[in-house]
Amino acid sequence: MAETSTVHADLILHRGLFTTLNRAQPTAQAVAIKDGSFLKVGHEQEVMAFAGPRTKVIDVRGKRVLPGLIDNHLHIIRGGLNFNMELRWDGVRSLADAMAMLKRQVDVTPTPQWVRVVGGFTEHQFAEKRLPTLDELNAVAPDTPVFILHLYDRALLNAAALRAVGYTKDTPEPPGGQIARDSQGNPTGLLLAKPNAAILYATLAKGPKLPLNYQINSTRLFMRELNRLGITGAIDAGGGFQNYPDDYEVIEQLAKDQLLTIRLAYNLFTQKPKQEKDDFLRWTRESQYKQGDDYFRHNGAGEMLVFSAADFEDFRVERPDMPPQMEGDLEEVVRILAENRWPWRMHATYDETISRALDVFEKVNQDIPLEGLNWFFDHAETISEASMDRIAALGGGVAVQHRMAYQGEYFVERYGAGAAEATPPVRKMLDKGLKVSAGTDATRVASYNPWVSLSWLITGKTVGGLQLTPQRNCLDREQALRMWTENVTWFSNEEGKKGRIQEGMLADLVVPDRDFFACAESDIADTSALLTVVGGKVVWGAGEFSGDDETSPPLPLPDWSPVSRFGGYAGWGDKEGRPLQAAIQRTISCDCATHCAVHQHDHARAWASNAPVSDLKSFWGALGCACWAV
C-alpha cells in the first residue's frame with residue numbers, strides 16, 4: 001500500500017490510457033497536478049496517494065490521454081480579433097451546405113456589416129469540387145456585402161461588396177494583384193493574387209472592424225474553439241495588416257487579466273516595405289526576447305523579415321523570382337537580430353528562396369555566430385537535401401504546416417504527382433535529425449484544426465482525398481504526435497518545459513473523443529476534444545466531462561455573429577439542418593469498438609454521402625446505425 005502523501009494535488013486524472021511521450025515512462029494510468037505542473041505521473045495507486053480533501057478528481061474512464069497540442073505557426077492574434085465576424089467553411093463537406101450557411105448568415109447580418117468567409121477551406125473539400133459562382137453569391141446576397149477568401153489565390157465579392165469597397169470601372173489595377181473585369185471594364189467581383197496576396201489583404205482591410213470590447217470577446221471565443229480541438233499552445237507568426245503594438249492590445253489585456261487559455265509565444269512581423277530595418281532596430285531597443293511568462297512571451301522576429309524575400313505559395317501560378325536586392329535587405333535585418341540574440345522565423349515556400357537566404361545566414365554567421373539561436377524556416381515545401389544540410393550545419397530548423405493538404409491538387413497540376421511525393425519532405429528531414437515540427441498556418445491558407453494536419457502527416461492525403469504522399473514518406477502516429485507536441489518546444493525555446501506528460505513539466509493535456517492510436521485513419525481528421533487541460537485548469541469539457549469545465553465563456557458579440565449559430569470548424573455549433581456533423585453534436589463520443597454495419601466506421605464518408613439525412617431520426621432508424629447510440 002502506497003504511503004499517504006503530505007503534498008496534495010490540485011487535480012488528479014485517473015483510470016486513463018496516458019501516452020506521455022516521455023521515453024523513460026511512455027505510458028501511465030493517472031496523473032496528479034499541482035500549481036500548474038505535473039506532480040506525479042504513474043500507476044493509479046501511487047497517484048491517488050496525492051488526493052486530498054480539496055483535490056479535484058476526474059475519472060477518465062479508460063480513454064486515451066495525450067499531451068496538449070501545440071501549433072508551430074498560427075495567426076492567433078489576428079484570427080482572434082476577427083473570429084466573431086467570420087463564417088467558417090472549414091470542414092464543411094459540400095458547397096450546398098456552405099451556401100446554405102451563407103444564406104442563413106446573410107439573413108441576420110445588419111447593414112453595413114459584411115458576411116465574410118476568410119480562408120480555412122478549399123474547393124477540393126466540397127463534393128461539388130468547385131467554388132460558388134458570382135451569380136450564386138449575388139442571388140443569395142443581393143444587398144449584404146459578401147467577401148470570400150479562397151486560400152491566398154483569390155477572393156470573391158458580390159455586387160454589394162464591390163460597392164462597399166468602391167471598386168469601379170475607374171479603379172486602377174493594383175500592384176501585385178488583379179481585378180477581373182467584364183467586357184466593359186467593370187469589376188466582376190473576382191480578385192486574383194498575381195503575384196502576391198496584397199490585393200486580398202487590402203480589400204479585406206476595408207471591411208468594418210469590431211470595437212475593442214468585442215475583439216476581446218472574439219479572441220476569448222477563438223481560444224475556446226482551439227481548446228475544443230485540443231490545442232493548448234501556439235506560436236503566433238505575426239501577419240499582414242497585424243500592426244505592432246496596436247493590434248496586440250487585446251491579447252496583452254487578456255494576458256494581464258489571466259484569461260488566456262492558450263499558451264502563446266509571439267513573433268514580430270515587419271510592417272512596411274523598405275522600412276524593415278527601422279522596424280527591427282526600434283523593436284530590439286523596445287522589446288526583450290523571452291519577455292513575458294509561460295502563457296504569453298516574446299519569441300523573436302518573423303515570419304516576414306523583409307518584403308523582398310516573400311515568396312507567396314499560390315501554386316496556381318508560377319514560382320515567383322525574388323528580386324536582386326533580396327540578399328542586401330535580408331542581411332541588414334539578420335545582422336540586427338543576430339547582434340541582439342533574437343531568433344527569427346522566415347517564410348519560404350521554395351528552395352530557390354531558401355538557398356539564397358542561407359547564403360545570407362552563412363555570411364552573417366562568419367561575423368556573428370548563430371549557434372544557440374533557435375532560428376528556422378517556415379513552410380519549405382520544396383526544400384532540397386542540400387538546403388537541409390546547410391540548415392543543420394547552422395543550427396536552424398524547419399517548421400512545416402499542412403498547406404499541401406489544401407493546395408496539393410494545384411501543386412500536382414503544375415509540377416506533377418512525382419514532385420508532390422515529398423512536399424515538404426518531412427520524413428527526410430526527420431531522418432537527417434533536423435529540428436522539425438508541425439502546425440497549420442491558419443486561419444487563412446488552411447484550417448486551424450490540428451487533427452487535419454495530423455491526418456495529413458499520417459495518411460498523406462489532401463482534404464479533397466487525393467493521395468499526395470506515398471506511405472514510405474508518411475509518418476506513424478507517434479511521430480506525427482511528437483511533431484505537434486515536444487518537437488514544437490525547440491521553436492519557442494521551451495524544451496523541457498512542456499510537450500510531454502512528465503513530472504515537473506507544465507500540465508497541458510487533451511482527452512480526444514476517440515483513441516488516436518486505435519481509430520481508423522479516416523477518422524483522425526474528425527477528432528475533437530472531450531477534455532482539455534492547460535496548466536492544470538480544465539478549459540474545455542464536453543459530454544461526460546462538461547461539468548468539469550472551469551471556464552465561463554462569454555456569449556458571442558455582436559449577437560448576429562456567425563459564432564452564435566455555427567460555432568467554428570465544420571459548423572459544429574449548428575443546432576439545425578446540415579451539415580450533418582453539426583447536427584450530431586460531439587458532446588457524446590463514438591466509443592464503439594467494432595465497425596458500424598452502415599458506415600464501416602468511416603464517418604466522414606457517411607457525412608458526405610447522398611443518404612437522406614434531412615430527418616435524422618428516420619435516417620438512423622431506417623438504416624439501423626448505432627454509431628452514436630451510446
Side-chain angles (χ1 to χ4, degrees), residues 21 67 69-74 76 233-238 263-270 280 283-284 287-306 309 330-331 333-348 354 357-358 360-380 383 387-401 424 426 429-430 432-441 482-500 505-506:
L21 296 184
L69 303 179
I70 310 168
D71 193 325
N72 74 9
H73 187 129
L74 178 62
I76 184 173
I235 309 177
D236 185 271
R263 299 188 191 277
L264 182 62
Y266 62 93
N267 286 73
L268 294 183
F269 185 109
T270 192
F280 289 112
W283 291 340
T284 52
S287 301
Q288 184 178 352
Y289 171 53
K290 287 188 178 181
Q291 68 183 32
D293 56 26
D294 291 332
Y295 275 89
F296 185 63
R297 62 196 300 274
H298 187 288
N299 197 53
E303 66 177 295
M304 181 81 82
L305 296 178
V306 293
L330 188 58
E331 183 179 343
V333 168
V334 170
R335 284 190 179 277
I336 293 168
L337 299 174
E339 287 168 355
N340 287 277
R341 309 312 292 168
W342 273 33
W344 65 84
R345 63 190 310 159
M346 179 178 163
H347 166 108
I354 294 170
L358 284 168
V360 173
F361 298 170
E362 289 166 347
K363 182 180 178 182
V364 173
N365 182 62
Q366 292 175 359
D367 302 323
I368 311 169
L370 304 185
E371 184 179 356
L373 286 182
N374 292 25
W375 65 269
F376 57 95
F377 286 104
D378 274 304
H379 317 313
I383 188 173
S387 291
M388 296 179 211
D389 292 337
R390 294 172 70 188
I391 292 170
L394 283 175
V398 178
V400 302
Q401 295 79 38
V426 178
M429 288 189 282
L430 287 172
K432 282 180 168 291
L434 202 61
K435 298 292 186 182
V436 192
S437 65
T440 63
D441 198 7
R482 289 185 187 276
M483 288 274 287
W484 262 90
T485 51
E486 68 171 2
N487 284 21
V488 185
T489 62
W490 181 88
F491 294 77
S492 59
N493 215 334
E494 296 176 287
E495 288 181 292
K497 292 190 70 173
K498 61 184 183 181
R500 298 190 295 271
M505 287 195 175
L506 296 173

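Index from 1, following the sequence. It should be emphasised that the depicted structure is a prediction, and the values quoted were computed from it without experimental measurement.
By the 4.5 Å heavy-atom criterion applied to side chains, Asp236 and Leu74 are not counted as neighbours. Looking at Ile76 and Asp71, their side chains never come closer than 4.5 Å, going by heavy atoms from C-beta outward. Using a 4.5 Å cut-off on side-chain heavy atoms (C-beta onward), Asn487 and Leu430 make contact. Using a 4.5 Å cut-off on side-chain heavy atoms (C-beta onward), Thr270 and Val333 make no contact. Put simply, the side chain of Arg297 reaches to within 4.5 Å of the side chain of Lys290, judged on heavy atoms.
Taking OH from Tyr295 and CG from Asp293, the interatomic distance works out to 9.0 Å, rounded to the nearest 0.5 Å. To the nearest 0.5 Å, atoms CH2 (Trp344) and CG (Leu305) are separated by 8.0 Å. For the atom pair CG (Asn493) and CG (Asn374), the distance works out to 4.5 Å, reported to the nearest 0.5 Å. Taking CG of Asn340 as the reference point, atom OH of Tyr289 lies at 13.0 Å (rounded to 0.5 Å). Expressed to the nearest 0.5 Å, how far CZ of Arg263 lies from CG of Leu506 amounts to 4.0 Å. The distance from atom CE of Met346 to atom CG of Leu358, rounded to the nearest 0.5 Å, is 8.5 Å.
Across all their heavy atoms, Val488 and Ala438 have their closest contact at CG2-O, 4.1 Å. Nearest heavy atoms, Ile354 versus Ala348: CG1-CB, 3.6 Å. Closest approach of Gly397 and Trp490 over heavy atoms only: N-CH2, 3.7 Å. When all heavy atoms of Ile70 and Ala234 are compared, the closest pair comes out as CG2-N, 4.0 Å. The minimum heavy-atom distance linking Phe280 with Ala301 is given by the pair CE2-CB, 3.5 Å. The two atoms that bring Asn365 and Pro369 nearest to each other are OD1-CA, 3.4 Å, heavy atoms only.
By the side-chain hydrogen bond (donor to acceptor under 3.5 Å, both in side chains) test, Gln288 is found to be paired with no residue, residues two or more places apart in sequence or in another chain being considered. Partners of Lys497 according to the salt bridge (charged side-chain N to carboxylate O under 4.0 Å, His left out) rule, which considers only residues two or more places apart in sequence or in another chain, are Asp294. For Phe269, the side chain to side chain contact (heavy atoms under 4.5 Å, CB included) partners are Glu303, Met304, not counting sequence neighbours. Evaluation of the salt bridge (charged side-chain N to carboxylate O under 4.0 Å, His left out) rule for Asp441 yields Arg403 as partners, not counting sequence neighbours. Taking Glu495 as the reference, Lys435 meet the salt bridge (charged side-chain N to carboxylate O under 4.0 Å, His left out) condition, with sequence neighbours excluded.
Test Asn72, Ile235, Asn267 against Ser492 for side chain to side chain contact (heavy atoms under 4.5 Å, CB included) and you get one pass: Ile235.
Salt-bridge check for Arg335 with Glu331: passed, with a basic side-chain N closer than 4.0 Å to an acidic carboxylate O.
Between Phe491 and Phe376, the two ring planes are perpendicular [angle over 60°; tilted spans 30° to 60°].
A donor-acceptor pair under 3.5 Å is absent between the side-chain atoms of Arg500 and the main chain of Glu486, judged by distance alone. At distances below 3.5 Å, not a single donor-acceptor pair connects side-chain atoms of Asn299 with backbone N or O atoms of Ala265.
Within 6.0 Å of NZ in Lys363 there are 12 or fewer heavy atoms belonging to other residues, nucleotides or ligands.
Residue pairs meeting the salt bridge (Lys or Arg N to Asp or Glu O under 4.0 Å) criterion with at least one member in residues 369-379, sequence neighbours excluded: Arg345-Asp378.
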Derivation and outcome, ring-ring contact (aromatic ring centres under 6.0 Å, His included), residues Phe361 and Trp375
CA-CA 10 Å; Phe361 298 170; Trp375 65 269; 5.1 Å; yes

